[in-house]
Amino acid sequence: MLPKIKIPKQTVYLDHAATTPLDPAVAKAMRPYLAEKFGNPSSLYKAGVEAKTAISHAREKVAQILNCSPKEIIFTAGGTESTNLAIFGTAKKFKPGESHIVTSQIEHHAVVRPVEALGKEGYRTTFVKANGTGIIALNDIKKAIRPQTVLVSIMYANNEVGTIQPIREIGKWLRAENARRAKKSLPYIAFHVDACQAGTLNLDVQNLSVDLLTLNGSKNYGPKQTGVLFARISLPLKPLIYGGGQEAGLRSGTENVAGIVGFAKALTLIQTNRVKENKRLEILRDYFIKRVLKEIPKSVINGSMGKGERLPSNINVSFDGVDGEALLLYLDSYNIAVSTGSACSTVDNLPSHVLKAMGFNKERIAGAIRFTLGKSTTKKQLDFVINVLKPLIKELRKA
Ligand SMILES: *Cc1c(COP(=O)(O)O)cnc(C)c1O
């Protein structure tokens with residue numbers, strides 16, 4: 001018997017790590033470029049110039065936020081394209097048998113799969129482990145480096161358990177290591193960071209000492225299929241897509257003008273409000289976690305609770321003896337949208353590789369549910385979710 005609780009008309013959306021709604025201000029900024037301002041940025045007459053100018057402004061805004069040159073911003077069609085361009089674009093400058101790539105076991109498939117594909121082509125690869133709370137240690141990266149290493153790719157924040165990786169620490173060490181390697185004529189190690197989940201964190205690429213940084217629009221209140229790759233001008237990449245030579249030859253094809261304008265607007269908004277909003281979400285997150293652990297027996301948090309080691313928006317809980325997917329579907333019947341371990345699990349139906357890498361048993365992985373908060377999340381919504389969870393989990397454990 002399902003607990004009888006009044007269901008809200010509006011969905012309680014707690015899956016912001018999968019995707020976010022388009023901010024109305026972003027939609028407004030995009031609208032002219034979907035309608036009357038339709039010119040091709042490569043055209044020389046007024047409509048073309050207008051579109052080209054819009055892209056230039058967007059590029060300058062993004063460059064300002066990342067603290068880099070506008071020339072180092074490549075607009076792409078999303079996070080996956082950016083990670084692929086960073087990884088293949090770097091690796092393909094080197095010969096397979098002689099080059100080595102380091103990444104981690106808890107990366108998004110947008111990084112794991114390209115590195116695996118390079119492995120099949122003969123590139124050497126190392127997947128560094130994470131500890132039980134989902135943090136990658138600088139020391140493990142140091143140990144993985146070989147004379148032939150040309151790329152290190154580590155995510156800024158994990159999409160499943162929300163752990164924030166020590167990117168600045170890794171970047172600083174790699175910078176020093178690269179200086180030592182230069183004296184020995186060893187190849188430069190490019191540092192790529194997948195920051196798709198890190199739109200609310202510090203994105204200053206100089207401060208972080210990164211060479212390549214991936215961002216997307218769809219997780220940051222921007223349009224889907226939009227993204228950026230920051231790529232240092234001093235480290236030219238091999239393009240994935242050849243054609244008309246747009247985006248400095250790195251991403252040919254007529255630009256998605258509305259998407260680019262929307263991406264820049266979304267990133268500006270999220271970065272402007274990030275400190276205040278992070279504080280608000282942190283309070284909500286900790287409130288929810290405290291109540292779950294206290295009021296739902298045999299529940300356990302996945303990921304780190306260390307200071308600064310978890311995204312303010314992420315809650316990942318395993319309920320012992322409960323099937324996460326069943327719970328997700330029951331929650332949906334109460335108009336609550338959440339995710340199991342990984343947002344991509346409906347595609348491959350495999351147990352989360354992230355929770356596996358953290359060393360959890362099958363039960364803990366199967367019982368994992370991810371709640372990710374966002375701009376629209378309120379305390380009232382979270383209270384409602386707890387009110388549903390308590391009796392529901394009791395029922396599911398009886399079954
Ligand atoms: C969503 C996501 C991606 C892929 O981004 P798309 O825009 O969906 O292609 C890559 N990495 C991480 C960490 C993500 O969360």
Side-chain angles (χ1 to χ4, degrees), residues 14-22 26 62 74-89 103-117 127-128 130 134-136 151-165 167 191-201 203 208 210 212-230 240-241 251 256 259-260 262-264 266-267 270 303 309-316 338-348 352-355 357-358 370-374:
L14 293 175
D15 204 15
H16 291 83
T19 190
T20 43
L22 195 68
V26 174
V62 174
I74 307 149
F75 288 112
T76 68
T80 304
E81 190 187 312
S82 292
T83 56
N84 274 264
L85 177 56
I87 294 165
F88 287 110
T103 187
S104 87
Q105 293 176 359
I106 62 164
E107 299 299 306
H108 190 276
H109 282 146
V111 167
V112 173
R113 298 295 186 229
V115 175
E116 282 176 354
F127 290 81
V128 170
I135 302 279
I136 299 152
L151 176 68
V152 170
S153 184
I154 299 293
M155 70 199 324
Y156 201 157
N158 182 270
N159 47 301
E160 294 190 36
V161 291
T163 42
I164 299 170
Q165 305 304 331
I167 293 305
F191 184 27
H192 170 243
V193 170
D194 174 0
C196 284
Q197 294 287 342
T200 61
L201 303 181
L203 296 178
L208 297 170
V210 308
L212 301 149
L213 185 116
T214 287
L215 279 169
N216 70 359
S218 67
K219 314 261 171 85
N220 296 302
Y221 305 93
K224 292 176 180 59
Q225 285 273 310
T226 64
V228 145
L229 179 69
F230 154 75
L240 297 177
I241 299 168
R251 209 285 172 180
N256 176 4
I260 289 169
F263 175 90
L267 189 69
I270 202 167
E309 287 187 344
R310 184 179 207 108
L311 287 175
S313 52
N314 179 287
I315 298 154
N316 191 310
V338 300
S339 165
T340 52
S342 162
C344 306
S345 58
T346 48
V347 180
D348 54 23
S352 154
H353 68 284
V354 173
L355 299 180
M358 287 164 68
R370 182 186 73 180
F371 305 87
T372 43
L373 322 183

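Worth knowing before you read on, the calculation uses all heavy atoms, side chains too, and leaves out hydrogens, waters and symmetry mates. The model shown is predicted, which means the values in this text are computed figures rather than measured ones. Both ligands and their constituent atoms are indexed starting at 1 by order of listing.
Not a single side-chain hydrogen bond (donor to acceptor under 3.5 Å, both in side chains) links Gln197 to another residue, sequence neighbours left out.
Side-chain contact between Ser218 and Thr20: absent, with no pair of heavy atoms (C-beta onward) separated by less than 4.5 Å. With contacts defined as side-chain heavy-atom distances shorter than 4.5 Å, the pair Val115/Ile87 qualifies.
Inspection of the His192 and Ser153 side chains reveals an N or O donor paired with an N or O acceptor under 3.5 Å. At a cut-off of 3.5 Å, with distance as the only test, no side-chain donor of Thr214 or Thr83 sits close to an acceptor on the other residue.
The contact shell of ligand 1, taken as protein residues with any non-hydrogen atom closer than 4.0 angstrom, comprises Gly78, Gly79, Thr80, His108, Ala110, Met155, Asn159, Asp194, Cys196, Gln197, Asn216, Ser218, Lys219.
Between Phe75 and Phe263, the angle of the ring planes goes over 60°, which puts this pair in the perpendicular group of the 30/60° scheme.
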